[in-house]
Structure formats: structure tokens, C-alpha cells
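Below: one structure, written as C-alpha cells.
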Amino acid sequence: MLYLVPTPIGNLKDITFRAVEILKEVEVVLCEDTRVSGKLLKHFGIETRTFSFHAHNEHSQLEKWINVLKEGQNIAQISDAGTPGLSDPGFLLVRACYENDIKVSCLPGPNAAIPALVMSGFPCDRFYFEGFLPQKKGRQTRLKYLAKMDCTIVLYESPHRIVKCLNQIKEHLGDHKQVAVCRELTKLHEEVLRGPIQNVIDELASRNSIKGEIVLVIN
Ligand code: SAM
């Protein structure tokens, strides 16, 4: 069995009882970064062996882990934070499991997108998850695509690019748009900047520096 196990996005108390239980029970934990996850596992007294499995080795290591699963061992995959597979490694191993008749289970748990969507106060009956926009090539194409959406949009953006990104959104989607910049979710300095896009741009541009992790929600 392959378990996809969500881990906290900032507040360690957000791990679930079942996540701890599964991480203790499995034979192997595949981590995006063993040093990052090592701290988390230590905090919860989890002594399961860890191996690195990330964007740069997931293709070359795929067969090895599929064979381990076929031998009957249970594996949990985790990422640095949040739900594996969501703008993080996960999809390749899941697909390979189905191709090899190996059972897959994803535990519900922490992720940045859904709390941001709900906190935004914009309609969340239908939404589109963009993840990260491409940084250069293909960015314009994605922005044009987003301009046609008729539902709430959720995307991940870095603090260095957020103002530039908001200006591009304004250009492509219109200056009537309302946005919510959800920053440092579940952490001490959690905040939501919400309102007409130009007001949010002005507020962010007036700050000396913008730090932390950000989810951008567009109404
Ligand atoms: N797998 C993760 C998830 O389930 O949400 C996402 C991983 S992606 C590599 C990292 C991005 O998620 C960050 O750049 C940011 O956009 C968003 N993110 C992660 N933690 C966050 C937090 N505490 N507050 C706001 N955004 C966060």
C-alpha cells in the first residue's frame, strides 16, 4: 500500500492522529527532503526509515520503490509541507501504483489551497486550482486561460513575485477583480489581505519587504 500523508504547513498541531500512526507503521517514508521531514518525524517520535524522493530523482527511483511495494512493504510519501502531489512530488508514484495494481490511499490533512479558498470569503462552491504559474515561458498563455474562468481561482505564488503577479492578473483579468492574498497560513503572522486588486497591490507595494508563503485567491 502507498499512503500519501499530508504534513503541517506551519503549525505542527495540524498533523492528524492517523498521519502519525501511518508514519509509524509503514516500513519506509519517502520524503522530499529528509532533513526537513526528519525534524517533523523526530517531533512525533517516528523512527521509520526515510529516503529522499523529490522532483530530481523521482523518475530514476520510481521502479525501485514500485518493486519494494510489490514485495509487500508499505510506503508513506510525504512532502516538505502539505499534501504530497499538490504542487509537490506525488503524482508519478501514484500513477505507477495503479499501473502495477498497488493500492493507494491519500489521507485528508493539511494543504494551503483549501484553507485559503475558504478564508478568502469568495464563493467556494466551484473553484479552479492553478498551482504555480510558469515563471517565464507559458505564463502569458496561462493568464489568458485564467481570464476565461467563471469561478474562484486559487494559485500559489512566491513573496518576491506577488506584486508583479497581481499586476499581471489585473492586466489580463481586469481591474474590477477582488483578490485575497493569504499569507503565512497557520503560522504566528497569518494574515489575509482582501479587497479590490489595486488596493491589495498598493498595500503590498507600501511594505519594505514581503516575506512568507502566499496563496492568492481571485474572485
Ligand atoms: N503541497 C503543498 C500543499 O499541500 O499546499 C504545497 C507545496 S508548494 C511547493 C508550496 C507553496 O504552497 C508555497 O509557495 C505557497 O504558495 C503555498 N503554501 C505553503 N504553505 C503555506 C502557508 N503556510 N501559507 C500560505 N501559503 C502556503
Side-chain angles (χ1 to χ4, degrees), residues 2-16 18-19 22-23 29-37 39-41 43 52-58 76-95 104-122 124 127-136 139 142-143 146 152-166 168-169 179-194 200 203-204 207 209-218:
L2 170 72
Y3 293 96
L4 287 307
V5 180
T7 55
I9 59 164
N11 188 329
L12 286 179
K13 290 180 187 162
D14 289 334
I15 198 143
T16 67
R18 192 149 83 96
I22 296 287
L23 291 170
V29 178
L30 298 182
C31 311
E32 209 184 343
D33 184 328
T34 50
R35 278 172 307 178
V36 171
S37 298
K39 290 178 200 154
L40 176 90
L41 300 181
H43 182 87
S52 70
F53 191 72
H54 45 68
H56 304 291
N57 73 2
E58 59 178 345
Q77 183 174 5
I78 60 178
S79 64
D80 286 354
T83 301
L86 210 59
S87 297
D88 264 341
F91 152 72
L92 273 188
L93 191 54
V94 171
R95 184 177 62 180
V104 176
S105 184
C106 178
L107 275 61
N111 70 86
I114 301 295
L117 170 69
V118 177
M119 272 173 95
S120 73
F122 302 144
C124 34
F127 68 95
Y128 179 79
F129 177 66
E130 173 69 15
F132 289 100
L133 285 167
Q135 282 183 36
K136 289 197 179 99
R139 195 170 171 100
R142 294 306 308 164
L143 285 162
L146 294 183
T152 305
I153 300 169
V154 179
L155 50 88
Y156 290 163
E157 187 53 281
S158 86
H160 333 286
R161 279 189 299 268
I162 186 66
V163 172
K164 188 174 163 204
C165 177
L166 286 167
Q168 291 173 329
I169 302 274
V179 295
V181 170
C182 306
R183 202 176 66 81
E184 295 287 81
L185 295 174
T186 78
K187 301 184 198 176
L188 189 62
H189 299 291
E190 174 177 284
E191 74 166 345
V192 179
L193 291 171
R194 181 180 186 278
V200 175
E203 167 59 31
L204 288 171
R207 296 186 179 188
S209 69
I210 306 162
K211 293 198 182 104
E213 297 185 285
I214 288 173
V215 182
L216 171 61
V217 186
I218 307 165

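These values consider heavy atoms only, across backbone and side chains, with no hydrogens, waters or symmetry-generated copies. Atoms within a ligand are numbered from 1 in the order they appear, just like the ligands themselves.
- Only the backbone of Ile214 comes within 4.0 Å of ligand 1, judged by heavy-atom distances.
- Contacts of Ile9 with ligand 1, taken as heavy-atom pairs under 4.0 Å, involve both backbone and side chain.
- Distance alone, capped at 3.5 Å, is enough to place a donor-acceptor pair between the Arg139 side chain and the Pro134 backbone.
- Using a 4.0 Å cut-off to heavy atoms of Lys187, the atoms of ligand 1 that qualify are 23 (N).
- Close to ligand 1: Ser87, with a non-hydrogen atom less than 4.0 angstrom away.
- Rounded to the nearest 0.5 angstrom, Ile218 CD1 and Ile153 CD1 are separated by 4.5 Å.
- At the top of the distance list for atom 5 (O) of ligand 1, counting protein heavy atoms only, stands Tyr156 OH, 2.6 Å.
- Within ligand 1, counting atoms from 1 as listed, the ones closer than 4.0 Å to a heavy atom of Glu157 are 16 (O).
- When the heavy atoms of Ile78, Asp88, Asp14, Asn11 are ranked by distance to atom 7 (C) of ligand 1, first place goes to Asp88.
- The environment of NZ in Lys187 is crowded: more than 12 heavy-atom neighbours from other residues, nucleotides or ligands sit within 6.0 Å.
- Counting heavy atoms closer than 4.0 Å to ligand 1, residue Ala116 contributes nothing at all.
- Between Ala112 and ligand 1, at least one N/O pair is under 3.5 Å apart.
- Atoms of ligand 1 found under 4.0 Å from any heavy atom of Thr83 (numbered from 1 in listed order, with element): 1 (N), 3 (C), 4 (O).
- Proximity of a side-chain donor or acceptor of Glu32 to a complementary backbone N or O of Asp80 within less than 3.5 Å is detected.
- Close approach to Phe132 involves these atoms of ligand 1, each under 4.0 Å from a residue heavy atom: 8 (S), 9 (C), 10 (C), 11 (C), 14 (O).
- Between the CG atom in Leu155 and the CD1 atom in Ile162 there is a gap of 7.5 Å [rounded to 0.5 Å].
- For Ser158, the closest heavy-atom approach to ligand 1 does not fall below 4.0 Å.
- The shell of residues lying under 4.0 angstrom from ligand 1, judged by heavy atoms, includes Val215.
- The side-chain heavy atoms of Ile15 and His43, taken from C-beta on, include no pair separated by under 4.5 Å.
- When heavy-atom distances to ligand 1 are checked against a 4.0 Å cut-off, Glu190 has no atom that comes that close, whether in backbone or side chain.
- The distance from atom OH of Tyr156 to atom SG of Cys182, rounded to the nearest 0.5 Å, is 11.0 Å.
- Separating the OG1 atom in Thr186 from the CD atom in Glu213 is a distance of 9.0 Å, to the nearest 0.5 Å.
- Residues Val5 and Val29 form no side-chain contact, since every pair of their non-hydrogen atoms from C-beta on lies 4.5 Å or further apart.
- Under a 4.0 Å N-O distance rule, the pair Arg207/Glu191 qualifies as a salt bridge.
- Of the protein's non-hydrogen atoms, the one nearest atom 22 (C) of ligand 1 is Leu185 N, 3.6 Å.
- Between Cys182 and ligand 1, no pair of N/O atoms sits closer than 3.5 Å.
- Here the heavy atom of the protein found nearest to atom 2 (C) of ligand 1 is Ala81 O, 3.3 Å.
- We find that Glu58 and Arg95 are not joined by a salt bridge, their nearest charged nitrogen and carboxylate oxygen being 4.0 Å or further apart.
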